[in-house]
Asks: 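Below is the structure I would like to discuss, written out as structure tokens.
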Amino acid sequence: MIVDERVLREDFVPGEVVHRHDEITHLSETLEPLLYGDRPETTFLFGPTGVGKTCLARYTLGQLREQLPEIRTVYINCWQEYTRFRVLYRVLEATGADIDIHRSTPKDELFQRLVRTDDQPIVVILDEVDQLEETEALYDLHRLRHVSLVLIANREEELFAQFDDRVRSRLRAGTRVKFDRYGTDELVSILEERASQGLEPGVVTDAQLRTIADDAAGDARVGIGVLRSAARRATREGVESVTDDIVAAAIPNARTAIRRETVEGLIEHQRVLYDVIADADEIEPSDLYEEYEQRVDDPKTTRTLRNYLTKMIHYDLIEAVGQKRGRSYRVLESDVRENGDAADE
DNA sequence: GGTCCACCGGAAAGCTCGGTAC
DNA sequence: GTACCGAGCTTTCCGGTGGACC
């Protein structure tokens, strides 16, 4: 049934990006100075999750590389690479200048090495840049005349609010490309494209794709996840085509899978905290700390737990209800541990 | 209004780990 | 082998905030 698994992944970059013509043109024009040896302005891609920001950035840079093969491009997801050291290291890695770099190498040494890689331009995509904890990395990269930045985030106001004055003043003038949510028809055609490339002909109907698109509510990441989950389930059940029941079962499953990936990235103590909150539905801080201490042999201090909680709120795994005294915590959406169909992913 | 208490989060110090230099 | 360095994580300390109670 599945003929090309890669096409059904959210991070797959298609040969042609549909329904984003204006945004592609805007980004391409912004990066055009590279073709003449000039440095383009920093570009921001703003918009909600699943509207194609990352896909479009990677697609456009792919197009640029066809015109300018010597250009070097780096994609960095700031969820994973959120420190100055890691960001600089990833850029160095792409230039091949990362030999002998280790965790005790001073960050200034990384920067100096990057200064010496100025023989060819580098375009750095920083995805989820609002998750960057050390925004000095942006200051560093902006200082490098041969480095151009494409910064991806959800909301402009929140992103700039976390910059210090030095970074804010340098990036304020950048170009903005804003993305709206896909309409249902647009999402249906995106899913049709993926299905035609990734699945055997006729295994999923137009009506089923519309059901998936309706549920995804403009989020292509969710829509593609549901399509993948449905195809896998149909394969496992040995049926020749996707049924409506399979689609219905795949919808909650795909959402759960996205959250589960995040939960699995938690360290042991964070996971225990998450479990305590999930078990209680909603819990006050004092009860949460007490229950956590009972479940682990070597508990962390409450200050460290507060750091963990802040992190999990950032990850959209939990939410804090209320402020200061009287606050409580609860998990967001469904508990990923309860879904037995997680094997789909 | 004053006090107590629970809670948050910033700042700084301490600790651990992986690596280098001698 | 060991002293040292730097990054990342954890802990300690403490000020700020706001609800509960008198």
Side-chain angles (χ1 to χ4, degrees), chain A residues 74 76-94 96-116 124 126 128-141 143 157-168 262-278 280-332:
Chain A
V74 189
I76 301 172
N77 188 317
C78 297
W79 272 115
Q80 282 95 39
E81 323 287 348
Y82 49 83
T83 65
R84 182 186 175 204
F85 181 91
R86 291 190 198 182
V87 168
L88 297 181
Y89 178 76
R90 289 278 286 112
V91 180
L92 268 178
E93 199 175 37
D98 60 320
I99 300 166
D100 297 337
I101 297 287
H102 45 80
R103 57 179 285 184
S104 59
T105 304
K107 285 177 270 196
D108 290 342
E109 165 65 17
L110 268 66
F111 179 76
Q112 289 306 322
R113 283 215 196 182
L114 277 173
V115 170
R116 296 193 290 272
V124 179
L126 288 171
E128 314 254 20
V129 67
D130 46 340
Q131 299 305 318
L132 194 60
E133 292 185 0
E134 294 178 357
T135 55
E136 195 174 356
L138 294 176
Y139 180 71
D140 288 335
L141 294 175
R143 283 160 67 199
E157 301 75 21
E158 289 178 14
L159 178 64
F160 275 86
Q162 70 190 66
F163 289 163
D164 60 40
D165 292 341
R166 196 174 53 168
V167 174
R168 194 179 298 126
T262 312
V263 172
E264 285 177 353
L266 300 175
I267 62 174
E268 182 193 347
H269 289 267
Q270 293 168 341
R271 181 62 192 260
V272 171
L273 263 187
Y274 179 84
D275 286 345
V276 171
I277 298 168
D281 288 335
E282 186 165 339
I283 188 167
E284 293 180 359
S286 56
D287 295 337
L288 171 59
Y289 300 151
E290 193 177 322
E291 180 63 27
Y292 158 81
E293 285 175 0
Q294 288 178 5
R295 293 195 190 188
V296 299
D297 294 331
D298 186 19
K300 305 289 185 186
T301 62
T302 55
R303 181 68 189 89
T304 299
L305 299 187
R306 287 202 294 276
N307 285 341
Y308 290 167
L309 290 168
T310 303
K311 200 97 181 172
M312 286 193 278
I313 290 169
H314 266 288
Y315 287 169
D316 282 340
L317 290 175
I318 63 170
E319 66 175 339
V321 182
Q323 296 284 327
K324 306 291 177 183
R325 190 169 179 167
R327 169 179 276 202
S328 61
Y329 296 96
R330 65 183 178 209
V331 295
L332 278 168

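Reminder, nothing fancy here: chain letters follow the sequence lines and each chain counts from 1.
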Asks: For A:E291, give me all partners under side-chain hydrogen bond (donor to acceptor under 3.5 Å, both in side chains), at least two apart in sequence or on another chain.
Replies: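 A:E291 satisfies side-chain hydrogen bond (donor to acceptor under 3.5 Å, both in side chains) with A:R295 once adjacent residues are dropped.
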
Asks: Donor-acceptor pairs under 3.5 angstrom involving side-chain atoms of residues 280-289 of chain A: please list them, not counting sequence neighbours.
Replies:
from   : atom 1 : to     : atom 2 : distance (Å)
A:E282 : OE1    : A:R330 : NH1    : 3.3
A:E282 : OE2    : A:S328 : OG     : 2.6

Asks: Measure NE2/A:H269 against P/C:dT10 and give the value in whole Å, please.
Replies: 8 Å

Asks: Suppose we screen for side-chain hydrogen bond (donor to acceptor under 3.5 Å, both in side chains). Which residues come up paired with A:R86, at least two apart in sequence or across chains?
Replies: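 By the side-chain hydrogen bond (donor to acceptor under 3.5 Å, both in side chains) rule, A:R86 matches no residue at all.
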
Asks: Using whole Å, what does the distance between atom C1' of nucleotide C:dA7 and atom CG of A:L110 come to?
Replies: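 In whole Å, C:dA7 C1' lies 11 Å from A:L110 CG.
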
Asks: Evaluate the side-chain proximity of A:I277 to A:L309: yes if any heavy-atom separation is below 4.5 Å, no if none is.
Replies: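 Yes; the side chains approach each other to less than 4.5 Å.
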
Asks: Between C:dG6 atom P and A:Y89 atom OH, what is the distance in whole Å?
Replies: 19 Å

Asks: Which residues satisfy the salt bridge (charged side-chain N to carboxylate O under 4.0 Å, His left out) test with A:R306, sequence neighbours excluded?
Replies: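 Salt bridge (charged side-chain N to carboxylate O under 4.0 Å, His left out) check on A:R306 returns nothing, list empty.
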
Asks: Are OP1 or OP2 of C:dT11 and a side-chain N or O of A:T301 less than 4.0 angstrom apart?
Replies: yes

Asks: With sequence neighbours left out, write down each residue that passes side-chain hydrogen bond (donor to acceptor under 3.5 Å, both in side chains) with A:Y292, or none if nothing qualifies.
Replies: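 side-chain hydrogen bond (donor to acceptor under 3.5 Å, both in side chains) check on A:Y292 returns A:H269.
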
Asks: Can you measure A:R84 atom CZ to C:dG6 atom P for me and round it to whole angstrom units?
Replies: 13 Å

Asks: What is the distance, rounded to the nearest whole Å, between atom CZ of A:R86 and atom P of B:dG18?
Replies: 14 Å

Asks: What is the distance, to the nearest angstrom, from the CD atom on A:E268 to the P atom on C:dC9?
Replies: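 In whole Å, C:dC9 P and A:E268 CD are 16 Å from each other.
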
Asks: With the sugar-phosphate defined as primed atoms, P, OP1 and OP2, and the base as all remaining atoms, what B/S/- string results for nucleotides 5-15 of chain B, 5' to 3', for protein heavy atoms under 4.0 Å?
Replies: BSSBBB-----

Asks: Would you mind reading off the distance between A:F85 atom CZ and B:dG19 atom P, rounded to a whole angstrom?
Replies: 11 Å

